[in-house]
Protein chains: 2
Amino acid sequence: MYDVAEQADVSIATVSRVFRKPDAVREATRERVMAVARKLGYVPSGSARGLASRSTGVLGLCFPDYDDSTAGVDDGEITLYSDEIIRGMERAARRHGYALLIAASLAGGTESLVAKVAGRVDGFAVLARTVPTEELEIVSRRLPVVMLAGPREMDHLDHIEVANTDGQRQLTRHLIEDHGRTRLAFVGGAEDSPDAQARFHGFQLACQDAGLPVPDAPDARGDLTQADGRAATEALLARPGPAPEAILFANDQMAVGALRVLEHRGLRVPDDIAVTGFDGIPLTRLTRPPVTTVRQPAGRLGENAVDLLVQRLADPTRAPESVMLPVTVVRRESCGCGD
Amino acid sequence: MYDVAEQADVSIATVSRVFRKPDAVREATRERVMAVARKLGYVPSGSARGLASRSTGVLGLCFPDYDDSTAGVDDGEITLYSDEIIRGMERAARRHGYALLIAASLAGGTESLVAKVAGRVDGFAVLARTVPTEELEIVSRRLPVVMLAGPREMDHLDHIEVANTDGQRQLTRHLIEDHGRTRLAFVGGAEDSPDAQARFHGFQLACQDAGLPVPDAPDARGDLTQADGRAATEALLARPGPAPEAILFANDQMAVGALRVLEHRGLRVPDDIAVTGFDGIPLTRLTRPPVTTVRQPAGRLGENAVDLLVQRLADPTRAPESVMLPVTVVRRESCGCGD
DNA sequence: GTCCACTCTGTAAGCGCATTCATGGGCTGT
DNA sequence: ACAGCCCATGAATGCGCTTACAGAGTGGAC
């Protein structure tokens with residue numbers, strides 16, 4: 001910048017103005033500066049600007065590394081949930097003039113989040129359970145943080161969640177009322193998965209609504225993978241007594257896994273047994289039969305996150321907001337609906 | 001930082017050391033500082049650090065916004081190519097201690113890339129044709145840039161591409177030699193799509209290899225969407241003379257589109273006519289029949305990009321490198337292979 | 001011709017941190 | 001007990017930019 005100023009025979013302040021508020025500089029001067037800048041290949045330092053202006057123009061997103069968890073064994077088979085969120089955030093951020101900094105949670109100890117993201121952005125979003133609460137607590141005192149999905153752990157943060165409970169409740173009701181299934185089994189996720197919990201709760205509510213017996217716990221649990229879906233299904237079918245008329249899974253991957261087991265056993269879906277999932281991953285529409293599920297608006301999660309951040313940046317005194325994003329029951333063949 | 005220093009009764013230099021080189025500070029001091037930092041919720045400013053240390057610890061990625069182009073009409077049906085690249089880069093970047101800044105190309109004029117990304121990162125990758133060459137030219141004088149996919153436009157940049165030509169050539173040879181198809185039709189992309197061009201060229205080479213007539217241009221073109229795939233297929237079938245024994249598409253989306261048309265017309269795939277795609281998107285394995293295609297290693301594109309950047313950062317004098325990533329022919333039913 | 005009101009540009013003071021260099025204190029060895 | 005060393009720390013400088021603030025020029029109204 002100093003070089004540009006010198007060669008254009010102006011002060012660095014003017015160079016700065018040319019880029020920040022071009023209107024404040026006479027046209028002749030501006031063009032002269034621009035020309036020199038181009039010639040010299042001037043690239044303004046984001047760091048310096050950030051330092052001087054106390055804002056970086058960047059928003060952040062922290063998400064878990066799915067490497068060895070939900071990713072689904074079948075390589076790249078699904079658009080990962082977080083991919084959609086990233087995309088949604090990127091779009092929205094761009095609209096607002098921000099860039100997006102992303103970082104999967106790193107094993108690198110406490111320093112990680114703070115050093116990697118918090119110091120470089122004007123605000124950021126965190127996928128629930130990605131970052132230790134304590135650390136969030138600290139960081140959120142310095143800059144806006146919005147929590148994505150999962151329950152609201154810290155009530156002074158903005159927070160966006162999807163209507164897990166309501167979605168599962170609707171889906172269950174559909175099974176009961178529209179398809180007359182009453183012998184239902186629910187396959188949950190790990191006990192510490194809030195989403196899976198909420199979905200099970202929705203299942204409970206629907207049972208209650210219909211006057212069916214309300215179970216205390218899922219009939220089986222799995223780790224949200226296809227393999228666990230298969231295992232859970234085997235387990236359910238091995239139970240004494242009549243087989244369930246429908247199995248509701250806490251997520252799609254498990255439901256898809258179940259399909260294979262059922263087919264293998266000669267059980268027809270949905271005639272002999274209905275199957276449902278949750279999440280709305282693309283895979284569900286491509287299986288045979290296509291799986292009835294509940295679609296999560298992952299992209300909108302990201303967009304809303306940016307909106308909240310931008311709003312809070314504009315007015316830090318706003319009251320923390322908690323948004324509940326609606327979900328959509330997607331009826332397909334696996335529950336008995338035509339396609 | 002000044003506050004922390006004051007309350008911990010040390011100088012700011014010591015606070016800095018506690019975070020940068022903890023070993024250089026006596027343990028007692030270090031813990032005292034850490035305690036105060038935690039108490040105060042100290043978050044080091046990335047900008048200031050970047051300024052002082054002349055490096056940001058961030059790598060960047062510029063990619064086109066697929067909003068209204070390749071995205072595929074079927075909402076979220078595919079893992080977008082760039083999603084995989086993002087993921088690959090993020091992983092690799094994290095391994096090397098970098099964070100990732102992403103920005104889809106923005107309509108915001110020339111200022112955009114430079115202001116948004118270049119100034120904030122230590123180096124970045126660009127998906128081919130995302131950024132005007134001239135702008136890249138300028139920026140690449142200041143920091144490492146690696147070009148992803150597409151032909152090598154600037155020979156002083158590091159560059160990674162996938163073996164489009166070779167892949168299509170192999171695939172075509174497979175069709176000819178292993179399935180005995182000789183009446184082939186190729187559906188290309190837009191004329192200014194280097195990837196599609198390269199693939200067509202591979203097709204030409206294979207024809208030549210086999211002593212078949214070598215076409216000058218694709219038999220049809222489309223915009224890489226399913227809709228265009230359908231249209232192209234209709235067009236081909238409407239031509240006078242015998243129908244082709246195989247249609248090779250420049251990408252998967254078009255091939256998938258074709259499947260529907262063929263089924264509708266009562267043509268069996270692959271018995272009456274073989275179909276192949278290119279890219280290896282997940283969708284291809286889920287159609288009926290599954291589509292033979294060529295898988296692109298998108299994730300590895302991203303990882304390699306980071307590797308190149310890191311290497312160049314370590315040694316700016318290295319000679320520019322051009323990496324060609326191998327692709328894999330994935331044989332499935334649509335070409336006549338068993339599944 | 002004078003004075004005022006603008007417009008455009010320059011001056012200078014930081015922004016929060018890393019880092020070099022100097023300094024002081026403790027320790028070793030004698 | 002003293003010289004010599006090293007380790008831990010502090011003081012000071014600068015990274016490249018933004019942004020009041022002030023100053024210089026320009027034009028118009030009187």
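Lettering follows sequence order; numbering is per chain, from 1. Predicted model, so just to flag it, every value in this text is computed and none were measured.
Atom CZ in A:Phe19 sits roughly 12 Å away from atom C1' in D:dC17 (whole-Å rounding). Atom CZ of B:Arg120 is separated from atom P of D:dG16 by 17 Å (rounded to the nearest Å). As a whole-Å value, the separation of B:Arg32 CZ from D:dG10 C1' is 13 Å. What separates CZ of B:Arg17 from P of D:dA8 is a distance of 11 Å, to the nearest Å. What separates CZ of A:Arg20 from P of D:dT19 is a distance of 9 Å, to the nearest Å. Atoms CD1 (A:Ile12) and P (D:dC15) sit 11 Å apart, rounded to a whole Å. A straight line from CG of B:Asp9 to C1' of D:dA8 spans 14 Å, rounded to a whole angstrom.
Using a 4.0 Å heavy-atom criterion, one finds that B:Val15 contacts no nucleic acid atom at all. A:Ser16 comes within 4.0 angstrom of a nucleotide base, judged by non-hydrogen atoms across all strands. Residue B:Thr29 is in sugar-phosphate contact alone, with no base atom involved, counting any heavy-atom pair closer than 4.0 Å across all strands shown. Residue A:Met1 is classed as a base contact, given a heavy-atom separation below 4.0 Å to a base.
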Look for any protein N or O under 3.5 Å of an N or O in nucleotides 23-28 of chain D and output each such pair with its distance, or none.
none

side-chain contact (heavy atoms from CB on, under 4.5 Å) between A:Asp9 and A:Arg32, worked out: CA-CA 9 Å; A:Asp9 200 32; A:Arg32 185 155 35 97; 4.1 Å; yes

Verdict with reasoning, B:Val310 to B:Tyr98, per side-chain contact (heavy atoms from CB on, under 4.5 Å): CA-CA 10 Å; B:Val310 169; B:Tyr98 287 93; 4.0 Å; yes

Derivation of the side-chain contact (heavy atoms from CB on, under 4.5 Å) call for A:Leu313 and A:Leu59: CA-CA 11 Å; A:Leu313 249 14; A:Leu59 296 179; 4.2 Å; yes

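The shortest distance between side-chain heavy atoms of B:Arg120 and B:Val58 does not fall below 4.5 Å. For the pair A:Arg20 and A:Ser53, the minimum side-chain heavy-atom distance is 4.5 Å or more.
Listed for the A:Arg17 side chain is no donor-acceptor partner under 3.5 Å among the backbone atoms of A:Arg30.
Applying the 6.0 Å contact sphere to CD of A:Glu321 captures more than 12 heavy atoms from other residues, nucleotides or ligands.
Both B:Ala48 and B:Arg30 sit near DNA chain D, but only B:Arg30 has its closest nucleotide nearer the 5' end.
Distances shorter than 4.0 Å separate none of the side-chain N or O atoms of A:Ser53 from OP1 or OP2 on D:dT18. In this structure, A:Tyr2 does not reach the D:dG14 phosphate: none of its side-chain N or O atoms is under 4.0 Å from OP1 or OP2.
Of the charged side-chain nitrogens involved, none lies within less than 4.0 Å of a carboxylate oxygen, so that A:Glu137 and A:Arg141 do not count as a salt-bridged pair.
In this view, A:Thr317 and A:Asp315 satisfy the side chain to side chain contact (heavy atoms under 4.5 Å, CB included) rule, not counting sequence neighbours.
Considering only side-chain atoms of A:Leu51, the nucleotide from D:dG16, D:dA8, D:dT19 that sits closest is D:dG16.
Heavy-atom contacts of chain B under 4.0 Å fall on DNA chain C between two terminal nucleotides, which in 5' to 3' order are C:dG16 to C:dT20.
One finds the CZ atom of A:Phe63 at 8.0 Å from the CG atom of A:Asp83 (value rounded to the nearest 0.5 Å).
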